[in-house]
Amino acid sequence: MSQHRHAAATEGSTPVSGAMAEAMAAAGLEPGRSPSPVRLPNAALLFQRRAGRLRSLAPGHRLSSWLAFMAQLSDAQHELAVIPSVASPETGWLPDLEQLRSLLRGTLPATAENALEDLPWGDGEALNASAARLLTGGANREDIGGAPFIVAALQVAWTRHAGGLEANAISASAVAGHCPVCGSAPVAGVIHTGSEIGGLRYLHCGLCHTAWHHVRSACVACGEGNRIDLRLIEAGEESGSGSNDPARAETCESCNGYLKLFLMEKAPGLDPVADDLASFALDILVGDEGFQRIGGNPFLAQGE
C-alpha cells in the first residue's frame, strides 16, 4: 500500500512575507484586495521564471536530467514568447515550432535531438494531427518522442494569445472545470495565502497558462464536497520534506478523481507546470490507490 499522509481539507492562512508578497504580485494578486475570477499570463516573464524554478528543483532529484532538459526548453520558449505575433494560436504555433527547432538544434542531448529532427517537418497536417492527439489525451506512441517540442510551441502561441486578452472580458464560473480561454483542463491548482485571499484556489491551465478561481469546497470533476481529502508524500519518499513539500493531491471518493494542488505558503516561487513535473511520485502513489487524475500536464503525455 502506498505511503501518504492525510491533511486537513482547509489550510490556515498565514501572514504575507516579503517573498510571498513578491510571488503574489507576479501572479497579479495583492494582499487586502479581492481577487478577480480570471488571471491572465504574462508571456514575457512566465517561461523565464519557469526555467529558474526547474533549475532550483533539479539538483538531487531523481528526475534531475529531465528537469534540466525542461529548463532548457523553457529558456527557448521565453525567447519566442517575447516576439509579438498577429497569428492565431491555432496556426501560429507551427511557425513557433520552426523557430524552436532553430533555437535548440545542436544543443540537445542526442536522444532529444533525434526526436526533434524526427518530427514530420513540412507536413503541417501531420503536425496538427499530432498536436490534437496530445492535447486530447489520445496520443500515439509515435507522438511521444517529439511531444515536448510540440507542446512547448503550442504553449508559446496560446500563452502569447491569452496574455493579450482583457481579463474583465472573460467570464468564468466559480465551479468551472476547464480554462475559460482555451478550454483545456487544469494542470493543477494553487492555494494562496494572505489576509483576503487565504485559502483561495486558482486552477491553472497547462496550455495557455490562464488561471481561474474555483471554490475549494467542490471537486473539480464532479462537484461533490463531502468526500474530499488531501494527501501528500511521507517524508523520505521523494523530496524528503514531508509536509513541507508544496505538493498535495486532492482526492474525491465520489468520482475517484484527484487534482494536484500546490501550496504557495510552502514555496512562494512555485510554478504549477514545473512543480507538477517534479512531484510525479505523488501521482504514482495516488494512482496506485485507484484515483484518476483530473486534467494533467501536457508534457506528461503517454502513448496508447
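The residues of the chain are indexed from 1 along the displayed sequence.
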Atom pair CG/SG of N226 and C252 - distance to nearest 0.5 Å | 9.5 Å
Beyond-backbone contact of H161 with C182, side-chain heavy atoms, under 4.5 angstrom = no
Looking only at atom types and distance, does a side-chain atom of Q48 sit under 3.5 Å from a main-chain N or O of H78, one as donor and one as acceptor?
-> no
Are the aromatic rings of F280 and H61 close, with centres under 6.0 Å apart?
-> no
Closest non-hydrogen atom pair, P272 against V187 = CB-CG1, 4.3 Å
Which is it for L63 and M70 under the side chain to side chain contact (heavy atoms under 4.5 Å, CB included) test, yes or no, and what are the steps along the way?
-> CA-CA 11 Å; L63 299 177; M70 293 304 301; over 6 Å; no
At what distance, to the nearest 0.5 angstrom, does CG of L127 lie from CG of L97?
-> 6.0 Å
Same apolar cluster (I L V M F W Y, side chains within < 4.5 Å links), L277/I284 | yes
Under 3.5 Å, side chain of Q72 to main-chain N/O of T107, donor-acceptor pair present?
-> yes
Going by heavy atoms in the side chains, are V156 and Q77 under 4.5 Å from each other?
-> yes
Determine yes or no for a side-chain-to-main-chain donor-acceptor pair under 3.5 angstrom, with R160 supplying the side chain and L80 the backbone.
-> yes
Output for pair (L40 CG, C208 SG), nearest 0.5 Å, gives 8.0 Å
Where is the tightest heavy-atom contact between V151 and P298, given as atom of each residue plus distance?
-> CG2-O, 3.5 Å
Between R105 and E113, is there a salt bridge with N-O shorter than 4.0 Å?
-> no
D143 and S130 side chains, donor-acceptor separation under 3.5 Å = yes
To the nearest 0.5 Å, how far apart are CZ in F299 and CG in L134?
-> 10.5 Å
For L154 and A131 the tightest heavy-atom approach is CD1-CB, 3.8 Å
Test: E253 and R231 ion pair at under 4.0 Å = yes
Could you give the distance from OG (S184) to NE2 (H204), rounded to the nearest 0.5 Å?
-> 14.5 Å
Is there a donor-acceptor pair under 3.5 Å between the side chain of W121 and the backbone N or O of L116?
-> yes
Does any N or O in the side chain of E166 come within less than 3.5 Å of the main-chain N or O of N168, such that one atom is a donor and the other an acceptor?
-> no
Verify whether one side chain among R50 and S74 offers a donor that lies under 3.5 Å from an acceptor in the other.
-> no
Is the closest side-chain heavy-atom distance between T210 and W158 below 4.5 Å?
-> no
What distance separates T159 OG1 from L207 CG, expressed to the nearest 0.5 Å?
-> 7.0 Å
Take F69 and T111, measure what side chain to side chain contact (heavy atoms under 4.5 Å, CB included) needs, and give me the verdict at the end.
-> CA-CA 11 Å; F69 163 69; T111 301; over 6 Å; no
Taking the side chain as C-beta and beyond, is there a heavy-atom pair between D96 and I83 under 4.5 Å?
-> no
Student check: side-chain heavy atoms of L73 and F47 closer than 4.5 Å = no
Would you sort out whether I294 and C219 count as a side chain to side chain contact (heavy atoms under 4.5 Å, CB included), showing the intermediate values?
-> CA-CA 10 Å; I294 300 166; C219 170; 4.1 Å; yes
Which heavy atom in A221 sits nearest to a heavy atom in C255, and how many Å separate them?
-> CB-SG, 4.0 Å
Is the shortest side-chain N to carboxylate O distance from R293 to D276 below 4.0 Å?
-> yes
Below 4.0 angstrom, N of the basic side chain to O of the carboxylate: do D271 and R49 qualify?
-> no
Derivation of the side chain to side chain contact (heavy atoms under 4.5 Å, CB included) call for D245 and K266 = CA-CA 7 Å; D245 193 293; K266 304 290 186 182; over 6 Å; no
Give a yes or no answer on whether the side chain of N140 reaches the backbone of E142 with a donor-acceptor pair at less than 3.5 Å.
-> no
Nearest non-hydrogen partners of A139 and I144, listed with the distance | CB-CD1, 4.0 Å
Among K260, R216, R201, find the residue that satisfies the salt bridge (charged side-chain N to carboxylate O under 4.0 Å, His left out) test when tested with E250.
-> R201
Mind listing the closest non-hydrogen atom pair of A76 and L104 along with its distance?
-> CB-CD2, 3.9 Å
Kindly write out the residues that satisfy side-chain contact (heavy atoms from CB on, under 4.5 Å) with A172, not counting sequence neighbours, or none if the list is empty.
-> V38, P180, W212
